[in-house]
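Chain letters run A, B, ... following the sequence lines, proteins first, then strands; residues in each count from 1.
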Protein chains: 2
Amino acid sequence: MFNTIEIKDVKREIGALVKAIRKQRGISQSQLAKSLDVSRTTIQNVEVGENFTVDTILKILKEVDLLEQVHHEISKSKVQIMDAKSLY
Amino acid sequence: MFNTIEIKDVKREIGALVKAIRKQRGISQSQLAKSLDVSRTTIQNVEVGENFTVDTILKILKEVDLLEQVHHEISKSKVQIMDAKSLY
DNA sequence: ACATATTGACCATTTTAATGGTCAATATAA
DNA sequence: TTATATTGACCATTAAAATGGTCAATATGT
């Protein structure tokens with residue numbers, strides 16, 4: 001009834017996204033790892049939803065030209081929050 | 001001229017967002033850390049733009065009820081990519 | 001003014017992500 | 001089919017994130 005999203009679910013979804021991006025580009029884990037200067041194990045862990053660092057995911061996002069967009073979204077959220085006066 | 005966004009810039013922006021959220025809620029680093037079950041040092045490192053894990057940022061996003069939204073955005077991106085046939 | 005809370009900056013230790021490696025199972029191509 | 005590439009699963013080691021602590025500087029409140 002209350003299927004709330006858990007942290008592990010989001011990590012799995014991130015992993016699925018990374019795998020989808022990789023497959024869409026038709027490259028192997030090894031090739032992606034090399035172009036990001038990380039190990040294949042790191043790519044593998046991301047894809048299966050293990051814990052990983054923001055550096056790793058941001059490297060991936062940069063590789064697929066999503067870094068600017070993500071940066072913009074975060075900045076927008078920040079401004080929204082700073083503009084919103086506290087209700088208390 | 002080419003002010004491209006770097007990974008460190010995004011981490012700084014995430015840190016600024018976290019700090020803005022915390023300030024908006026009027027709570028201290030210690031209080032936030034306690035409610036997330038992480039150390040104050042971790043919050044501090046996030047806010048200043050050091051490297052950190054996705055677990056940490058997702059805990060924060062869950063605390064501010066942004067986990068479902070983020071999950072949905074990631075899922076949407078994934079579906080888009082999987083639907084888009086390769087150009088090659 | 002004062003007392004108190006918060007923050008920024010460290011630092012040693014513990015925990016864990018990242019690495020590089022192997023190998024069997026599976027997928028892909030010839 | 002056979003050969004080759006890729007993946008998933010491990011595992012020991014290294015690098016680094018997380019922890020818990022202190023303390024001076026700064027902010028906040030009385």
Side-chain angles (χ1 to χ4, degrees), chain A residues 6-64 66-67 70 74 78 81-82 85-88, chain B residues 6-64 66-67 70 74 78 81-82 85-88:
Chain A
E6 299 296 334
I7 288 173
K8 65 177 181 324
D9 301 319
V10 181
K11 284 190 292 185
R12 280 206 204 99
E13 200 64 27
I14 293 173
L17 171 60
V18 170
K19 189 167 190 170
I21 290 171
R22 183 175 63 76
K23 288 293 181 188
Q24 210 254 352
R25 300 202 160 200
I27 61 177
S28 66
Q29 292 178 345
S30 295
Q31 286 174 297
L32 179 58
K34 189 175 184 183
S35 66
L36 299 181
D37 196 31
V38 300
S39 68
R40 185 174 74 93
T41 306
T42 294
I43 298 296
Q44 201 174 319
N45 287 337
V46 169
E47 287 190 357
V48 299
E50 300 280 327
N51 197 13
F52 50 90
T53 63
V54 283
D55 267 348
T56 297
I57 187 61
L58 292 182
K59 279 182 184 177
I60 296 171
L61 292 176
K62 185 176 183 181
E63 175 76 13
V64 299
L66 281 175
L67 202 59
V70 167
I74 294 169
K78 187 192 67 177
I81 286 172
M82 294 196 308
K85 291 277 178 284
S86 174
L87 296 171
Y88 303 94
Chain B
E6 299 296 333
I7 288 173
K8 65 177 181 330
D9 301 319
V10 181
K11 285 190 291 186
R12 282 206 203 100
E13 199 65 25
I14 293 173
L17 172 61
V18 170
K19 189 167 189 170
I21 289 170
R22 183 175 62 77
K23 288 292 182 187
Q24 211 254 352
R25 299 202 160 199
I27 61 177
S28 67
Q29 292 178 347
S30 295
Q31 285 174 299
L32 179 59
K34 189 174 183 181
S35 67
L36 298 182
D37 195 33
V38 299
S39 68
R40 184 174 75 90
T41 306
T42 294
I43 299 296
Q44 202 173 318
N45 285 338
V46 170
E47 287 191 358
V48 76
E50 300 280 327
N51 198 12
F52 51 90
T53 63
V54 282
D55 267 349
T56 297
I57 188 62
L58 293 182
K59 279 183 183 177
I60 295 170
L61 293 177
K62 186 177 183 181
E63 174 77 12
V64 299
L66 281 174
L67 202 60
V70 167
I74 294 169
K78 187 192 68 176
I81 286 173
M82 293 196 309
K85 290 278 178 284
S86 174
L87 296 170
Y88 304 95

Once you round it to whole Å, what is the distance between P of dT19(D) and CZ of F52(B)?
13 Å
Atom-pair distance (CG on D55(B); P on dA18(D)), nearest Å:
9 Å
If only side-chain N and O atoms of S30(A) are considered, is one of them under 4.0 Å from the OP1 or OP2 phosphate oxygen of dA5(D)?
no
Does [X] reach a base, just sugar-phosphate, or nothing at all? Heavy atoms under 4.0 Å.
X	result
V38(A)	sugar-phosphate
E50(B)	nothing
S28(A)	sugar-phosphate
T41(B)	base

Taking five pairs at each end of the helix from dA1(C)-dT30(D) to dA30(C)-dT1(D), what angle separates the two helix axes (nearest 10°)?
70°
Closer than 3.5 angstrom, by distance alone: can the side chain of D55(A) be matched with the main-chain N or O of N51(B) as a donor-acceptor pair?
no
So the contacted stretch of DNA chain C, first to last nucleotide with an atom under 4.0 Å from a non-hydrogen atom of chain A, runs from dA17(C) to dT22(C)
Please report the interatomic distance OG1(T42(A)) to NZ(K59(A)), rounded to the nearest 0.5 Å.
8.5 Å
Paired with E47(A), the salt bridge (Lys or Arg N to Asp or Glu O under 4.0 Å) test is passed by just one of R12(A), R22(A), K11(A), namely R22(A)
